[in-house]
Chemist: 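I'd like to ask you about the structure that follows.
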Amino acid sequence: MDQPVLKVNNLQTYFTSDAGVVKAVDGVSFEVSKGETLGIVGESGSGKSVTSLSIMRLLKDTPGRIADGEILYEGRDLVKISENDMRKIRGNDIAMIFQEPMTSLNPVFKIGRQLEEAIILHLKFSKKEARERSIEMLTSVGISRPEKIVHEFPHQLSGGMRQRVMIAMAMACNPKVLIADEPTTALDVTIQAQILDLMRNLTKTTDTAILLITHDLGVVAEMCDRVVVMYGGRAVEESDVLSIFANPKHPYTQGLLASIPKIGERLDRLQSIPGNVPIPSRMPEGCKFAPRCPHAMDICWEKEPEYKEVITNHSVRCWLHEEVPQDESELVGSTQH
Amino acid sequence: MFRFIIKRILEIIPILFLVSIFIFMFVHMIPGDPARLVAGVDATLADVELVREELGLDKPIVEQYFTYMKNLVQGDLGKSLKTGRAVSEEIGARFMPTFWLTVWSMAWAVIIGLLIGVVSATKRNKWQDYFGMFGAVSGLSLPSFWLGLMLIQLFAVKLGWLPTGGMETWKSFILPAFTLGTGVAAVVARFTRSSLMDVLKEDYIRTGRSKGLSERKVTWGHGLRNAMIPVVTMTGLQFGFLLGGSVVIETVFSWPGLGKLLIDSVAYRDYPVIQAEMLIFALEFIVINLIVDLLYGILNPQIRYE
Ligand SMILES: Nc1ncnc2c1ncn2[C@@H]1O[C@H](COP(=O)(O)OP(=O)(O)O)[C@@H](O)[C@H]1O
Ligand code: SF4
Ligand SMILES: [Mg+2]
């Protein structure tokens, strides 16, 4: 396997407010290699967006900060580099598209200008070259008559078109990593499929690594090579997509899979797992999934399991798959299997 | 766009017509007898009646109005009761001083107001923000005539750097323009701050940052351009208040403009001059509104002119 382009190690991102510290992300690790698509799945509130914003270091005007962990991009730790250096990476090496295509483009500037901005900034193109590149990018995302679209304002385009523009914008500087935070959630089903197709084809030719954030396992099955499952701000399971679907080890992943609706149907809420995602400010002591877990044991309530590679290429955070520490073995019930 | 402007200009005519009725009624409701003032203190009752007849003030008010309108349509604003000169001449001489005073006041107020607003919004809850907003609140709460008098006292009387009044050199503009613009600068600053703070929370600002743009480009390029949309409307309204404010300021600084002329003509019950002045104020209001609407459309591409 290739060297990973992006490697996240035990990321912790905390939000500080008057009410105290909220650990929105508290122990997330994964890596993604060239040309690979890594899915990040989990119910809403599990910390997926905060993880992606942390990688881009876009938490500046939120009360959030990266408290600990490493984000290694080609060996450099993005947590430690200066804001200036980070700016050279944003939009150039690592680009991002967002969930809300309707509001992610500036309403007062023409499409062309918004596309050219990053091209001029990072690739040092002239205005004319940047315009050519923009038109080329719009063509590549399947927009017809791009020469006309560059002169239009965002409100003149549909949601699907705007998301295509966002993709064109993100891909314009040939990023090594593309972070897509629920890129199709706000779109209707037929458009969703088109946008996913487009992302797959575009990145295949450029060898871009994708971090695809979603709460839709259908999308994961269709798009991803590997999957990280997040719960309560933690990575709880990671493996290749086949192993995850065929042999899920974490009870939460098992619950997610059991709740998959028919193919293509949208998954807004996972009904089959009883209970809710814990509020970060009121996390249970031990395993964060214990209140909803059908296999919860005594130790699960007392001590959080570690995130471990239990077999090659398959990591899990669950006492069921971990050697119980000797001195605490008497706490464990008879449910071990 | 061109058709929109034509349409708006045509709309001005009926508005001005209505405004003229109100002004006429209002002016004739001011207590006092212009005939007596024109005739002089020593005049006999018969003299006063003679003058009244001469001025047409003995006629029923409706008839007076029609005479007034007939002349107005022909571009004749009448003669000043006080000086006997044509009203258009009286006003013409006073228009430019007020115009320039207003323009300079507005110019510094908008520029400084925007700067303070942007700095306060980007340095929220830091000393720059507190400092800027303290200035803005002070600017709003100081009565302008008091501020004017204080400034004259300090810079003209004590230090002798600037003239106390009149309009001889460019130096004469500094104190009145500063005084007149203070309130507007304060309002623009506060409005820009809150507008920009809202805009900076928008998704497209995050998009700008995700492209690798600097904070400066995000704020001044993407942010301010959007934040300006409500600020322009607000500033247009301020322009109106500024016209009103000039009446006070021109008196404080003996400025030879329309505001001072208005005060003088009200004291003299100089009906034709008062009417003409109020008509001009109304017209200015309408023109400013038109300009604001056009600017609004230029700033906000989602507005279409039909
Ligand atoms: N701007 C913010 N201020 C405070 N807390 C936040 C903010 N953004 C996210 N959080 C916290 O982080 C948690 C995870 O949010 P998020 O990453 O958006 O979830 P997901 O994308 O998985 O739905 C939220 O439940 C919330 O408590
Ligand atoms: S650690 Fe315990 S509670 Fe948590 S998922 Fe595993 S079995 Fe369930
Ligand atoms: Mg999210």
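Chain identifiers are assigned alphabetically (A, B, ...) following the order of the sequence lines, protein sequences preceding nucleic acid strands; residue numbering begins at 1 within each chain.
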Chemist: Side chain from CB out, backbone as N, CA, C, O: work out which of these in A:Met86 comes under 4.5 Å of a heavy atom of chain B, or both, or neither.
Modeler: neither
Chemist: Could you grab the distance from atom CE of A:Met169 to atom OG of B:Ser210, nearest 0.5 Å is fine?
Modeler: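 If we round to the nearest 0.5 Å, A:Met169:CE and B:Ser210:OG are 6.5 Å apart.
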Chemist: Does A:Lys128 NZ have over 12 foreign heavy atoms under 6.0 Å away?
Modeler: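 Open.
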Chemist: So A:Met56 and B:Arg209, side-chain contact (heavy atoms from CB on, under 4.5 Å) or not? Walk me through it.
Modeler: CA-CA 9 Å; A:Met56 290 292 276; B:Arg209 292 192 178 119; over 6 Å; no
Chemist: Taking only residues two or more places apart in sequence or in another chain, which ones pass side-chain contact (heavy atoms from CB on, under 4.5 Å) with B:Met278?
Modeler: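 B:Met278 satisfies side-chain contact (heavy atoms from CB on, under 4.5 Å) with B:Ile23, B:Phe26, B:Val27, B:Ile274 only.
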Chemist: Is A:Phe153 atom CZ crowded by more than 12 heavy atoms from other residues, nucleotides or ligands, each under 6.0 Å away?
Modeler: yes
Chemist: Where do B:Arg206 and A:Glu100 land on the side-chain contact (heavy atoms from CB on, under 4.5 Å) test, with the steps shown first?
Modeler: CA-CA 11 Å; B:Arg206 188 183 58 190; A:Glu100 309 83 6; 3.1 Å; yes
Chemist: Heavy-atom distance under 4.5 Å to chain B: side chain of A:Lys60, backbone, both or neither?
Modeler: side chain
Chemist: Heavy-atom distances under 4.5 Å only: say whether B:Leu200 touches chain A with side chain, backbone, both or neither.
Modeler: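 Interface part for B:Leu200: backbone (N, CA, C, O).
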Chemist: Taking side-chain contact (heavy atoms from CB on, under 4.5 Å) as the criterion, tell me which of A:Leu105, A:Thr103, A:Asn106 meets it with B:Tyr204.
Modeler: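 Filter result, single survivor: A:Asn106.
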Chemist: How many angstroms lie between CD in A:Glu83 and OG in B:Ser214, if you round to the nearest 0.5 Å?
Modeler: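 Reported value, rounded in 0.5 Å steps: 10.0 Å.
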Chemist: Just wondering, are more than 12 heavy atoms of other shown residues or ligands nearer than 6.0 Å to CZ in B:Arg225?
Modeler: yes
Chemist: Using side-chain contact (heavy atoms from CB on, under 4.5 Å), reason through A:Leu121 and B:Lys217 one step at a time and then give a plain yes or no.
Modeler: CA-CA 11 Å; A:Leu121 181 72; B:Lys217 275 196 179 142; 4.1 Å; yes
Chemist: Is atom CH2 of B:Trp108 surrounded by more than 12 heavy atoms (other residues, nucleotides or ligands) closer than 6.0 Å?
Modeler: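 Yes.
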Chemist: Is it the case that the side chain of B:Lys211 and the backbone of A:Gln114 share a donor-acceptor pair, with hydrogens and angles ignored and the cut-off at 3.5 Å?
Modeler: yes
Chemist: Between B:Pro301 and A:Pro107, which heavy-atom pair has the shortest distance, and what is it?
Modeler: CG-O, 3.2 Å
Chemist: With a 4.5 angstrom heavy-atom cut-off, is it the side chain or the backbone of A:Leu53 that approaches chain B, or both, or neither?
Modeler: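 Side chain only.
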Chemist: Tell me whether B:Thr207 contacts the main-chain N or O of A:Ser104 through its side chain, where contact means a donor paired with an acceptor under 3.5 Å.
Modeler: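 Answer holds: yes.
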Chemist: May I ask you to check whether over 12 heavy atoms, not counting those of B:Arg124, lie within 6.0 Å of atom CZ?
Modeler: no
Chemist: Quick one: what part of A:Met102 sits under 4.5 Å from any heavy atom of chain B, side chain, backbone, both or neither?
Modeler: neither
Chemist: Can you establish whether the number of heavy atoms outside B:Arg190 located under 6.0 Å from its atom CZ is more than 12?
Modeler: no
Chemist: Any ring-ring contact (aromatic ring centres under 6.0 Å, His included) pairs touching residues 99-125 of chain A, not counting sequence neighbours?
Modeler: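 Passing the test, one end in residues 99-125 of chain A: A:Phe109-B:His222.
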